[in-house]
Every structure is written in structure tokens, then in C-alpha cells.
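Heads up, the thing below is written out as C-alpha cells.
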There are 2 protein chains.
Amino acid sequence: MQEGTSLIPDHTDVTAPGRDTAGAERMMPENCRIVGGVLARIGDKWSVLVVMNLSEESRRFNELKRMIDGISQRMLTLTLRGLERDGLVSRMVNPTIPPRVDYALTDLGRSLRQPVQALGLWALDNHAAIDQARERYDGAKG
Amino acid sequence: MQEGTSLIPDHTDVTAPGRDTAGAERMMPENCRIVGGVLARIGDKWSVLVVMNLSEESRRFNELKRMIDGISQRMLTLTLRGLERDGLVSRMVNPTIPPRVDYALTDLGRSLRQPVQALGLWALDNHAAIDQARERYDGAKG
DNA sequence: CTGCATCCTCCTGGATACTG
DNA sequence: CAGTATCCAGGAGGATGCAG
């Protein structure tokens with residue numbers, strides 16, 4: 001896990017006393033709805049993967065499609081449209097032949113990079129533990 | 001099953017130079033599948049909200065249900081089962097009358113706290129910007 | 001290459017009722 | 001209080017074909 005200082009960029013210092021519970025303090029029912037709503041949009045697996053793959057540099061449509069591996073053309077289109085609508089991704093059309101469309105993160109999208117990558121890295125680091133736990137669970141109860 | 005040896009060495013030094021892009025470098029198609037798989041489980045909005053609400057202390061079933069506001073009993077049950085299966089949440093049954101069941105984060109679950117809260121805080125901080133972008137988009141194109 | 005539109009299937013997830 | 005079971009509508013998402 002990354003150092004708290006870099007985990008949440010310009011946000012209040014995560015390591016500040018009581019900051020750990022500050023997140024939970026903000027977890028009133030009202031905030032649950034807000035977080036839930038946002039997560040319903042940007043929290044799905046395709047959006048996260050697109051953001052991760054746009055982290056470094058802009059990518060073209062089929063480039064993303066190839067990198068993400070498993071995503072259908074339809075879902076990539078829909079995901080990119082959704083992210084564009086939410087102001088997280090910008091779409092730049094080069095009117096060449098054949099047409100070339102580049103997608104990149106906006107400022108807002110870049111601000112999402114850190115949280116999303118933290119989640120992605122956690123996934124990479126802990127998927128083995130999850131698989132083990134799952135086998136244990138299924139072995140005992142399944 | 002996962003030859004974590006080659007794929008995911010145990011986490012290289014986070015503070016090493018270029019670590020920021022290291023996340024993206026690890027974004028090979030193979031890793032996309034892994035991240036996608038993990039995200040499909042723990043990345044849905046209910047799981048995230050449950051983890052956030054268990055961040056500070058253990059909670060009882062209806063306590064969570066009340067806090068999350070909008071979740072159905074069914075989904076809370078399924079979400080908790082899933083998180084338990086993945087080793088992220090522990091379930092402690094007190095054989096009293098009426099029965100009392102406490103849910104808490106495991107060590108693995110606690111390790112997920114930071115990434116998840118980062119995402120949650122981002123959601124709280126940026127949902128307004130997202131709503132604005134959405135209105136702008138819908139106003140222009142919708 | 002990029003990207004819509006259509007069809008069709010399956011899973012998600014809410015509502016409800018019932019047990020211990 | 002905690003949990004299971006059943007029903008069912010709606011959306012997610014893949015496959016395919018066509019267009020610019």
C-alpha cells in the first residue's frame with residue numbers, strides 16, 4: 001500500500017490524527033447515497049480499467065479495446081461515453097482517413113487516478129489471498 | 001493457481017522512483033483480467049459501502065442496513081456473504097435471544113480500507129463536479 | 001478505424017412472505 | 001433480529017450487422 005501522503009493527493013493528510021475515522025464520520029445515510037451514486041457510475045469494473053489504462057497517456061479506441069481484453073466493443077463505447085459525460089475522459093477526433101480518435105483523462109479524471117490505481121494495485125496484490133479465502137470458504141461450507 | 005511469482009512479485013517498493021507509472025506498467029492484458037475479476041467482486045457499490053461502514057468498528061446486520069440506506073435486506077445478505085467468502089469480512093454469531101450477529105473487517109478487509117475510503121472520499125469531493133459535467137454534456141448533446 | 005443500432009439472453013436486485 | 005426462499009421486472013452486456 002502506498003504511503004498515505006501520496007494516496008490522496010491534495011486531500012487532507014490521511015495520516016492526520018483521526019483522519020481514519022473522518023471518512024466514516026462522513027458516512028451518514030445522505031453521504032451513502034452520494035457515494036453509492038458516484039460508485040454506480042465510475043465504480044464498475046470497465047470504467048476502472050479504462051481509467052487505469054488511460055493513466056499514463058492517451059489511447060485510441062482499439063488500443064484500449066486490445067489492452068482491456070475481454071471488453072466488448074459495445075461496452076467500451078458505452079463506458080467511454082459515460083466517462084466522457086461525467087467529465088472524466090476527453091474525446092479528441094482526428095479527422096483523418098481512417099479516422100483516429102484519442103481518449104485521455106481530463107483534470108477530473110486525473111484526480112481519480114490515484115484512488116483508482118490504489119484499488120487496482122490492491123487487487124493485484126491481494127487477489128491470491130482472496131482466491132485462497134474463497135477456496136477455504138467453499139471447502140468448508142460449499 | 002496464480003503464478004504470483006512472475007505476475008505479481010510481492011509489492012515492489014512503493015516509494016521507488018516511477019512508482020506512479022508502475023501501476024500502469026503492470027496493466028498487461030493478463031493483469032486486466034485479474035483486476036477485473038477482483039473488481040467485479042469487491043468493486044460494486046454495495047461492497048464498497050459495507051466496507052466503508054465497517055471501517056471503524058463492527059456492526060450488526062440491521063445496523064448496517066440502516067446505515068446504508070437504500071440497500072435491500074437481500075442485497076445486504078448477499079454482499080456480506082460475498083465479502084465473507086472472499087475473506088474480507090468476518091461474521092460472529094452471538095447465540096443470544098434474539099440472535100445477534102456482528103460483522104467486522106478481517107485483516108485483509110482492513111487492508112482494503114485505505115483504497116476504498118480514498119475512492120469514497122473522492123466520490124464525496126467530486127460528485128458535484130460530475131453532476132455539472134453531466135448537465136453540460138446533456139445540455140450540449142442530449 | 002470508429003461507432004452506432006438491433007436483438008436476445010442472463011443476471012442483478014427489489015418486493016414479499018416465511019423460519020428460527 | 002437475522003436469515004432464507006420465491007417471484008419477477010429491468011438492466012447489463014455479448015453477438016452481429018451496417019455506416020461514415
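Just so it is clear: chains get the letters A, B, ... in the order the sequence lines come, proteins before strands, and each one is counted from 1.
- Rounded to an integer number of Å, the gap from CD1 of B/Ile71 to C1' of D/dG3 is 14 Å.
- Contact annotation: side chain of B/Glu63 to base of D/dC1, donor-acceptor pair absent below 3.5 Å.
- Taking 4.0 angstrom as the limit, B/Arg60 places a side-chain polar atom (N or O) nearer than this to OP1 or OP2 of D/dA2.
- For the pair B/Arg91 and D/dA2, the criterion of a side-chain N or O lying under 4.0 Å from OP1 or OP2 is not met.
- Residue A/Val101 places its side chain closer to C/dT2 than to any other of C/dC7, C/dT2, C/dA15.
- Closest approach to the A/Arg74 side chain among C/dT2, C/dC7, C/dG20 is made by C/dC7 (side chain taken as heavy atoms from C-beta onward).
- When all heavy atoms are compared, the tightest approach of A/Lys45 to B/Gly36 is CD-O, 3.5 Å.
- One interatomic measurement links the two molecules: CH2 of B/Trp46 to P of C/dG14, which rounds to 6 Å at whole-angstrom precision.
- Under the 3.5 Å distance criterion, with hydrogens and angles disregarded, no donor-acceptor pair is assigned to the side chains of A/Tyr103 and A/Arg59.
- At D/dG3, one or more side-chain N or O atoms of B/Tyr103 fall inside 4.0 Å of OP1 or OP2 (strictly under the cut-off).
- The side chain of A/Arg81 contributes an N or O atom lying less than 4.0 Å from OP1 or OP2 of C/dC4.
- Counting heavy atoms from C-beta outward, A/Leu64 and A/Ile71 have side chains that stay 4.5 Å or more apart.
- The side chain of B/Met75 sits closest to C/dG14 out of C/dT6, C/dG14, D/dC1.
- In the model, A/Ser55 has a side-chain atom that pairs as donor or acceptor with a side-chain atom of A/Gln117 under 3.5 Å.
- Between B/Leu78 and A/Leu80, the one whose closest nucleotide on DNA chain C sits nearer the 5' end is A/Leu80.
- Rounded to an integer number of Å, the gap from CD1 of A/Ile97 to C1' of C/dG3 is 16 Å.
- Between the CZ atom of A/Phe61 and the P atom of C/dG3 there is a distance of 6 Å, rounded to whole Å.
- Counting to the nearest Å, the P atom of D/dA12 and the CZ atom of A/Arg41 are 9 Å from each other.
- Between A/Asp44 and A/Pro99, the residue whose closest nucleotide on DNA chain D is further toward the 5' end is A/Asp44.
- Rounded to whole Å, the distance from CG on A/Asn62 to C1' on C/dT2 is 7 Å.
- Rounded to an integer number of Å, the gap from CZ of B/Arg66 to P of D/dA2 is 8 Å.
- Using a 4.5 Å heavy-atom cutoff, the side chains of A/Leu88 and A/Leu105 are not in contact.
- Looking at A/Gln73, its side chain comes within 3.5 Å of the base of C/dG3 through a donor and an acceptor atom.
- Atom-to-atom, CG of B/Leu76 to P of D/dG3 comes out at 9 Å; the value is rounded to the nearest Å.
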